[in-house]
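The structure displayed is predicted, hence computed values, not measured ones.
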Amino acid sequence: MTFQKTFVAGIVACAIAGAQPASAEDKHNHGAEHGHSEKKAHFEKVSFGSVKEAWAFMKTKVGEAETMVGENKLEDVHKIGEQLEGAIHTLEEKSDMVTAENKTKLASVLKQLDKSADDLLHAGEAKDASAAALGVKKIKGLLPLVEGLYPSGSLQ
């Protein structure tokens with residue numbers, strides 16, 4: 001059952017990756033184009049001491065973003081998109097408990113998650129409700145893939 005779950009998660013991750021043609025160079029080059037940079041965010045950067053903190057924050061904020069999109073509060077969605085990037089970077093940096101077998105898969109899924117959070121951020125900036133809804137949907141679809149790559153109890 002675990003092999004099947006991992007196999008299906010891998011196929012889904014590849015399908016999502018194929019549907020989101022973004023190169024690594026594009027990841028944060030939006031800084032110059034949109035006034036963002038790693039040094040200066042529009043909103044206060046949130047930092048996390050552990051993957052558990054980052055994961056809990058991410059799950060909470062994705063739920064809030066979904067509600068806000070429904071209420072057309074897109075400025076707040078922009079803020080959440082920016083903050084999610086910090087949580088994702090914490091997962092990238094502090095996921096030592098992930099097995100060597102799953103590290104490559106995790107890196108791939110987190111890259112997609114980061115791209116989706118960036119898309120959400122820009123949708124909020126542009127006040128584009130349909131793009132924001134799509135961004136939330138993509139993020140929600142990736143979260144189970146991320147969770148499945150961690151040992152049981154690592155994120156809870």
Do the non-hydrogen side-chain atoms of K138 and D119 ever get within less than 4.5 Å of each other?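 The answer is yes; the side chains approach within 4.5 Å.
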Could you tell me whether the side chain of L142 reaches within less than 4.5 Å of the side chain of S116, counting heavy atoms only?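 Side-chain contact under 4.5 Å: yes.
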For [X] and [Y], which heavy atoms make the closest approach, and how far apart are they?
| X | Y | answer |
| --- | --- | --- |
| M58 | L91 | CE-CD1, 3.5 Å |
| F48 | G86 | CE1-C, 3.9 Å |
| E64 | I80 | CB-CD1, 4.0 Å |
| E66 | V136 | CB-CG1, 3.8 Å |
| I139 | L113 | CG2-CD1, 3.8 Å |

Could you tell me which residues satisfy side chain to side chain donor-acceptor pair (under 3.5 Å) with K127, sequence neighbours excluded, listed by chain and number?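 Applying side chain to side chain donor-acceptor pair (under 3.5 Å) to K127 gives none.
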With sequence neighbours left out, write down each residue that passes side chain to side chain donor-acceptor pair (under 3.5 Å) with E147, or none if nothing qualifies.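 Partners of E147 under the side chain to side chain donor-acceptor pair (under 3.5 Å) test: Q156.
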Ignoring hydrogens and angles, tell me if any N or O in the side chain of [X] forms a donor-acceptor pair with the backbone of [Y] under 3.5 Å.
| X | Y | answer |
| --- | --- | --- |
| K137 | A132 | no |
| T99 | N102 | yes |
| S95 | E92 | no |

Set of residues satisfying ring pair (Phe, Tyr, Trp, His ring centres under 6.0 Å) with respect to Y150, sequence neighbours excluded: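 Not a single residue meets the ring pair (Phe, Tyr, Trp, His ring centres under 6.0 Å) criterion with Y150.
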